[in-house]
Amino acid sequence: MTREREGHEPWRVGVLFSRTGVTAVIEETQLRGTLLAIEEINAGGGINGRELVPIIYDPASDERNFARLADHLLTDDGVTMIFGCYTSSSRKAVLPIVERRNGLLWYPTLYEGFEYSPNIIYTGAAPNQNSVELADFLVGRYGPRFYLIGSDYIYPRESNRIMRELLRQRRGTVVGEHYLDLHARPSEFRLLMREVRRSAPDVIFSTVVGQATVYLYQAYAEAGFDTRVMPIASLTTSEAENALMGADVASGHITAAPYFEGLGNPNDTSFTARYHRRFGQDQHTNFCVEAAYFQIHVFAAALAEVNSMDPDVLRPVVLTTDFEAPQGHIAIDRESGHTNLWTRIGRARADGRFEVVRESGRPVRPDPYLVAH
Ligand code: ACM
């Protein structure tokens, strides 16, 4: 075996997104966003002349696999950077491992906030960047009575706790709250729709994730509810879930997120064109793809500057890095390790993409502990 020339070995990084299991529908798209950015960087000559090489494992939507594979990456594979995790339970499983081994996890997913780790860069939305504006919009447009439906794990329970508090501040009420297993079957959602009808809410706030999202929206459609009167509102239902449930089922429902495909700015137009060329004309980008994509570019910009994969050297530079992302200008927040992101509210159209009905017009500073609220 020939030894590579000193200084020309590739930069190796770990990638942990599920390609199988209940959240593969969205994690697979985060993997694509990651690979697209890596391929762009390598096509441009790599980072300081060195190629970026991902070591990719499939944790199969199981938090125990996330923990085991994160440890494997940081020890046996010898990497220091991991790009991955969708569910908050998988992030919570990886957190003590990156802290113990001093790795850096790049987490491209909206979550419930109330967390800080010097070993995580958070590039998805915190509650002040989606839930607060969404609560205002929904109460103003549809009314103050909310039915909360979630998958049964930490993100939905904590996100609903925040929504309940935001509603209380807006003189709203929670008329029902129900959690279903991540592996819940369609029949369970059909039964739940009877309970929803009895409670007569103005809005269903869904924190259901992954495959079960499809069953919730299909059960809603079968029950004959009207999205103009009582839509489902979510922080997680993206173009990917819409495609799986069928655009006709998704149409009219509401999602709050920093990004939707087709924003119309030049960055997004070229990003989506490259995504379509690489993965298929019928494949849509979404806000999880976009965060997975831009965080690789933020990482690459910081690495180009310090030329070191040591998290203690790289992280301080990451915390001063900004980037022209498809959603608009973003910057990592020095104080929290979260990201300045845009707030947008979208209504699903008949083609499964979103029409933006409200937007912040500028990046919103992350406030993961809702101190300002
Ligand atoms: C999530 O579990 N943070 C979507």
Side-chain angles (χ1 to χ4, degrees), residues 16-18 21-31 33 59-67 70 82-95 98 105-117 120-132 134 148-163 179-184 205-214 216-217 232-242 244 254-260 286-292 295 336-339 341 343 346 366-370:
L16 288 183
F17 293 113
S18 303
V22 285
T23 49
V25 54
I26 190 68
E27 294 192 47
E28 176 89 44
T29 71
Q30 290 178 305
L31 175 61
S61 306
D62 183 329
E63 66 208 47
R64 289 162 302 185
N65 292 337
F66 274 95
I82 298 176
F83 299 86
C85 296
Y86 174 76
T87 63
S88 290
S89 41
S90 65
R91 187 195 67 258
K92 293 276 187 202
V94 168
L95 184 149
V98 286
L105 171 68
W106 295 72
Y107 179 59
T109 310
L110 75 304
Y111 84 111
E112 64 281 0
F114 294 87
E115 187 180 286
Y116 170 80
S117 170
I120 302 182
I121 300 295
Y122 302 81
T123 57
N128 75 299
Q129 296 167 313
N130 52 17
S131 301
V132 173
L134 183 63
L148 313 180
I149 302 178
S151 298
D152 195 2
Y153 73 101
I154 182 166
Y155 155 72
R157 287 188 178 269
E158 283 300 298
S159 189
N160 281 337
R161 184 182 61 75
I162 293 164
M163 186 53 83
Y179 295 92
L180 298 98
D181 192 88
L182 276 160
H183 297 86
F205 178 57
S206 165
T207 46
V208 173
V209 305
Q211 176 67 39
T213 309
V214 174
L216 168 66
Y217 286 67
I232 302 175
S234 161
L235 310 171
T236 47
T237 305
S238 77
E239 291 84 343
E241 288 83 0
N242 285 357
L244 202 61
I254 305 292
T255 296
Y259 168 88
F260 297 106
N286 63 58
F287 65 92
C288 290
V289 171
E290 196 249 2
Q295 69 174 11
S336 66
H338 290 58
T339 308
L341 297 169
T343 296
D367 180 15
Y369 289 87
L370 288 174

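The chain is numbered in sequence order, starting from 1. It should be emphasised that the depicted structure is a prediction, and the values quoted were computed from it without experimental measurement. Ligands are counted one by one from 1 in listed order, and the atoms in each one are counted from 1 as well.
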Self-check item: Expected output: side-chain S88 to main-chain Y155 donor-acceptor under 3.5 Å
Solution: no

Quiz item: Less than 3.5 Å between some nitrogen or oxygen of T87 and one of ligand 1, yes or no?
Solution: no

Practice problem: Would you mind reporting whether Y122 and R91 have side-chain heavy atoms less than 4.5 Å apart? | Solution: yes

Quiz item: Nearest heavy atom to atom 3 (N) of ligand 1: which of L110, T207, T23 does it belong to?
Solution: L110

Quiz item: Is the shortest heavy-atom distance from the side chain of I254 to the side chain of S234 under 4.5 Å?
Solution: no

Quiz item: What protein heavy atom sits nearest atom 2 (O) of ligand 1, and how far away is it?
Solution: Y153 OH, 2.6 Å

Quiz item: Do the side chain of T109 and the main chain of C85 share a donor and acceptor less than 3.5 angstrom apart?
Solution: yes

Practice problem: Looking only at distances, please establish whether an N/O atom of ligand 1 is found under 3.5 Å from an N/O atom of Y111. | Solution: no

Practice problem: Considering non-hydrogen atoms only, spot the tightest contact between V214 and E241 and give its length. | Solution: CG2-O, 4.4 Å

Quiz item: Quick one: does V209 get an N or O within less than 3.5 Å of an N or O on ligand 1?
Solution: no

